[in-house]
Amino acid sequence: MNNRLVLIDGNSIAYRAFFALPLLSNDKGVYTNAVYGFTTMLLKVLENHNPSHMLVAFDKGKKTFRHETYASYKGTRQKTPSELSEQLPMLHDLLASFDIAVDQQDLYEADDLIGTYARLAEAEGYDIDIITGDKDLLQLVSEKITVHLTRKGITEMDSYDIEALYERYALQPEQIIDLKALMGDSSDNIPGVPGVGEKTALKLLAQFSTVAGVYDHLDEVSGKKLKEKLADHRSDAEMSRKLVTINTDAPINKALKELSYASFEPNKVGEVFKEFGFKSLLERIGSEEAEEESSQSDIDVEVELLTADVKKAALQSPAAIVIELPQENYHTSPILGMGIANDNGVFFASPEVIEGSKELQDWLASDDEKVVYHAKKAWVSLKWKGLSLNGVTFDAYMASYLINPGETNHELSDVASRHAVGKVRTDESIYGKGAKFTVPPVDTLAQFVGEKAVVLRELHPLLAKELKARDMDMLFEELEFPLAAILSQMEFQGVDVNAESLKSMGQELEKTLAKVEAEIHELADVEFNINSPKQLGEILFDKLNLPVMKKTKTGYSTSADVLEKLEDKHPIIEKILLYRQLGKLNSTYIEGLLKSISDKTGKIHTRFNQALTQTGRLSSIDPNLQNIPIRLEEGRKIRKAFVPSEPDWVLLSADYSQIELRVLAHISEDEKLIEAFKKGEDIHTQTAMEVFKVEADDVTGNMRRQAKAVNFGIVYGISDYGLSQSLGITRKEAGQFIERYLESYPGVKRYMESVVEQARKDGYVTTLMNRRRYLPDINSRQFNQRSFAERTAMNTPIQGTGADIIKQAMIRLNDELKKKGARARVLLQVHDELIIETPKEELAWLETIVPSVMEQAMALDVPLKVDLSSGSTWYDAK
DNA sequence: CGTCACACGC
DNA sequence: GACGTACGTGTGACGG
């Protein structure tokens, strides 16, 4: 195998890591964020590049040979923060534990050492990867040398070989020197030519290739001002060129063979990780210390295997029970068994015992108190076996989600470790994953499931206390938990679909798709895969030479907004858009939905994820029934396949009108907004009147469209950039729109400011029902992260309260239906809309009761409004 | 098998 | 001056 040398720019990566990560400190109070970030980067590099040789180069002294040329070199650079510099010695310890070579030299910068080692290795035929955050190093790129620049964070990188560099800058590597010489670099205090930025510099180099070329043909430079600037600052440009040129002939301490690297010793590295407090990394490198910690359960329990004659002791409440499923989809998954932990001990019931024991089943169905982990899953999976589960008083999964929706993982093992009860092994450690998934022998399984039950039992009081401490017990007991029961009914009930009508739509689509595909190939004069953005990009932009509007990191962007701009440039474009639209309908909605139809019921049984979104909304999977097309007529037709499950029934759709803006009006107490809703005005027209300062009659269609986009932006918390994208205007204009909006609604402005202030103080924001979302980045020193957190602070109470309201309505509506013995039932929730199926006889009654319940779900300072429609398919209920 | 680009809904 | 910008889910392509 070829030799591969990885060179890391130590200071640059440490600096990047320091600013990319929050100022973490370990339990000894020592800051470790830069070291931690560096380490994650290092592990990723080792994994991705598999180097045979490695070196990390550091800057050393303050003075470098560059200061002889230019005394103010790096003159503007701020002193390295002490929080970072104190981490540098740790970095050296870290590298020593990895046995990775390090070099630094007086008078030379890390860049120069890297350049020198790189050229040396290149001459020996090595492949070289340079890891840095400093674009200057791009000048070293060659056939053998690839430069990887950190992108966002520090583990994501953009890789530049000669081609990629050319694609990005249209420059050869050595021209990077000229580029920098012209544009300068404020962080190193390199002057360049004033008034010349990246754009101008690239233009000049495209024309004249080098700085020398520019000055040789100065009279050919377009623009009088630019010509003058260039002439006036010739010496600056030439000196800058020297400064940014990397010295590839620096003195170095090591010979190439001393850089050789095989692999690290997990235990040696593990010791250092342990000292630094990098617990998660310990597991990742698989050191023995971590192995011991992660693969061993510290729950020491005796699990008793239950027999068909289930003993009474096992069926005593209160109990923690765990229904163990091997598959994600609880509609179709078998049940592997059940763990029970109570005062009498820990028990395991096999599937045979569960299905065979009347005593066990009666106990499950009784009101005796049970604590579970993921109640909805337990209810639904048991229901498919014809079993009922009652008496559930607590759901640890739900509790964990409500306590912190920001945690991405609520697997029992994670919840347990976060709350410092005993360690539970992960599902993956027992079953393996993917294709390797296997169910262990019953003893192992029983032990594992029993441990889960024990931990669940311990978690219950802790989680209950945490909910209470956050004043979230109401949210849990009266909103989310009752909702879980309703959702379980909805999911189990399923939605009927007319497979035949889907199939015939699919056949139509396929015919049209074949036709459109042929037309596209005809127009392109070559057959290619239209679904491949890569191939499509090559056809459009290389072969047909259409103008490139936007690039993605892997090539040309061919997204709809780009294609729409090209629509009048070539007839192929509209065909491609059509092909995409129809292809999506066919693959996702026709084929996808057909695949989801249950063989047992002929219906579609989605699952609503109630413990996932950051805002409190539900999501829907397998299939997602919350994104069935509606906007475009061709797609909307899919809804014709959704039908009531019984003859002479109809579907009723009830949707909140502008629920989020009404919530905003309420929580911001903005008088104008409240007034508008009280009067029943068209809110987008109203906003247009305010923002554009015109009378109702003078609001043009375009004004209303723009106002609508602003309202949309406010509700979804998008940035000026986001708004500019959706309106096709500049960011500045979008910013002005938002500003004018906030001036028009001063109450909203006050709310936005106060909610951000509140978030800074508390570290979280809340909804009207006291749902919480933590915003750890609200005080971030990173502009991006902080801005994002600020927009989230403004948006989450709005969207989250909307979610609270419809959840409340679902509960009340369900109570009402039950109370009246109605046969009608709610099937789906789509964020601000409920889909109900009902016998025709009940429709008239529902049409009064449903809006009434929904509109009264929460008393706000503005009325809530619900629109109704019904029909024999979902399409007709519009 | 994981990641990317894309597209659908709110 | 650049950064990289509502929340979700599912699909096909692609590369390791």
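All values below were derived from every heavy atom in this structure, side-chain atoms included, with hydrogens, water molecules and symmetry-related copies excluded. By convention in this document, chain letters (A, B, ...) are assigned in the order of the sequence lines, proteins followed by strands, and residues within each chain are numbered from 1.
For dG4(C), its base sits under 3.5 Å from the side chain of R731(A) at one donor and acceptor pair at least. For R617(A) against dC10(B), a side-chain N or O and a base N or O form a donor-acceptor pair under 3.5 Å.
The phosphate of dA5(B) (OP1 or OP2) has no side-chain N or O of S559(A) nearer than 4.0 angstrom. OP1 or OP2 of dG15(C) sits under 4.0 Å from a side-chain N or O of K534(A). For dC14(C), one of the phosphate oxygens OP1 or OP2 lies less than 4.0 angstrom from a side-chain nitrogen or oxygen of Q535(A). Within the structure, every side-chain polar atom (N or O) of S532(A) is placed at least 4.0 Å from both OP1 and OP2 of dG12(C). In this model, the phosphate group of dC6(B) is approached by a side-chain N or O of S557(A) to a distance below 4.0 Å at OP1 or OP2.
Looking at heavy-atom distances under 4.0 Å, G722(A) makes no contact with the nucleic acid at all. The residue D720(A) sits apart from the nucleic acid: no heavy atom pair falls under 4.0 Å. Residue contacts shown for L618(A) are absent, as no nucleic acid heavy atom lies under 4.0 Å away. When heavy atoms are screened at a 4.0 angstrom cut-off, Q614(A) is found touching the sugar-phosphate backbone but no base atom. As judged by a 4.0 angstrom heavy-atom cut-off over every strand, L585(A) is placed among residues making no nucleic acid contact. S719(A) comes within 4.0 angstrom of a nucleotide base, judged by non-hydrogen atoms across all strands. S787(A) comes within 4.0 angstrom of nothing in the nucleic acid, heavy atoms only. I718(A) comes within contact range of at least one nucleobase, with a heavy-atom separation under 4.0 Å. At a threshold of 4.0 angstrom between heavy atoms, the contacts of N609(A) with the nucleic acid are absent. Contacts of K551(A) with the nucleic acid, taken as non-hydrogen atoms under 4.0 Å apart, are absent.
Rounded to whole angstrom, the span from the NZ atom of K595(A) across to the C1' atom of dT9(C) amounts to 14 Å. Here the P atom of nucleotide dG9(B) and the NZ atom of K584(A) are 9 Å apart, to the nearest Å. Rounded to whole Å, atom P of dT11(C) lies 13 Å from atom CG of N531(A). The CD1 atom of I576(A) sits 12 Å away from the P atom of dC6(B) (whole-angstrom rounding). Taking atom CD1 on I659(A) and atom P on dC10(B), their separation rounds to 14 Å, with Å as the unit. Rounded to whole Å, atom P of dC14(C) lies 11 Å from atom CG of L536(A). Following rounding to the nearest Å, N784(A) (CG) and dG1(C) (C1') show an atom-to-atom distance of 13 Å. Across the protein-nucleic acid pair, D777(A) atom CG and dT5(C) atom P stand 14 Å apart, rounded to whole Å.
Here, dA6(C) and dG9(B) have their C1' atoms 13 Å apart, quoted to the whole Å. A distance of about 14 Å separates the P atoms of dT5(C) and dC6(B), rounded to the whole Å. Between dA5(B) and dG4(C), the two P atoms lie 14 Å apart (nearest whole Å).
The side chain of F783(A) approaches dG4(C) more closely than any other nucleotide in the set dC1(B), dG4(C), dG10(C). The side chain of L612(A) has dG8(C) as its nearest neighbour among dT5(C), dG10(C), dG8(C). Distances were taken from every side-chain heavy atom of R631(A) (C-beta onward) to each of dC10(B), dT9(C), dG12(C); the shortest belongs to dC10(B). Among the nucleotides dC1(B), dT9(C), dA5(B), the one closest to any side-chain atom of I621(A) is dT9(C). Ranking dC10(B), dG10(C), dC6(B) by closeness to the D832(A) side chain, first place goes to dC10(B). Checking dC10(B), dT5(C), dA5(B) against the side-chain heavy atoms of P533(A) singles out dA5(B) as nearest. Listed nucleotides dT5(C), dG9(B), dT9(C) differ in distance to Y721(A); the shortest reach to its side chain belongs to dT5(C). Set against dC8(B), dC6(B), dC10(B), the side chain of P629(A) has dC8(B) as its closest nucleotide. Of the candidate nucleotides dA5(B), dG8(C), dA13(C), dA13(C) has the atom lying nearest to any side-chain atom of N529(A). The side chain of N624(A) lies closest to dG10(C) when the candidates are dC7(C), dG9(B), dG10(C).
Classification of the F712(A)-Y716(A) ring pair by plane angle, with boundaries at 30° and 60°, yields perpendicular.
Using modelled atom types and a 3.5 Å distance limit, the side chains of S12(A) and D134(A) yield no donor-acceptor pair. No hydrogens or angles considered: a donor-acceptor pair under 3.5 Å links the side chains of T873(A) and D876(A). Using modelled atom types, one finds a donor on one side chain and an acceptor on the other under 3.5 Å when comparing S559(A) with D561(A).
Between the H233(A) side chain and the K229(A) main chain, a donor and an acceptor come within less than 3.5 Å of each other. Using modelled atom types, one side-chain atom of Y751(A) and one backbone atom of M794(A) make a donor-acceptor pair closer than 3.5 Å. A donor-acceptor pair under 3.5 Å is absent between the side-chain atoms of H148(A) and the main chain of S159(A), judged by distance alone.
In this structure dC8(B) sits in a base pair with dG8(C), meeting the Watson-Crick or G-U test at under 3.5 Å. Under the Watson-Crick or G-U wobble criterion, with both distances below 3.5 Å, dC3(C) is left unpaired in every strand shown.
Where S619(A) and E198(A) each meet DNA chain C at their nearest nucleotide, the meeting point lying more 5' is that of E198(A).
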**Request:** Start with the C-alpha gap between R617(A) and E660(A), add the side-chain angles, then the distance that decides, and say whether salt bridge (Lys or Arg N to Asp or Glu O under 4.0 Å) holds.
**Result:** CA-CA 12 Å; R617(A) 277 187 172 185; E660(A) 270 108 359; 3.2 Å; yes
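Between Y397(A) and Y401(A), the gap from one ring centroid to the other reaches at least 6.0 Å.
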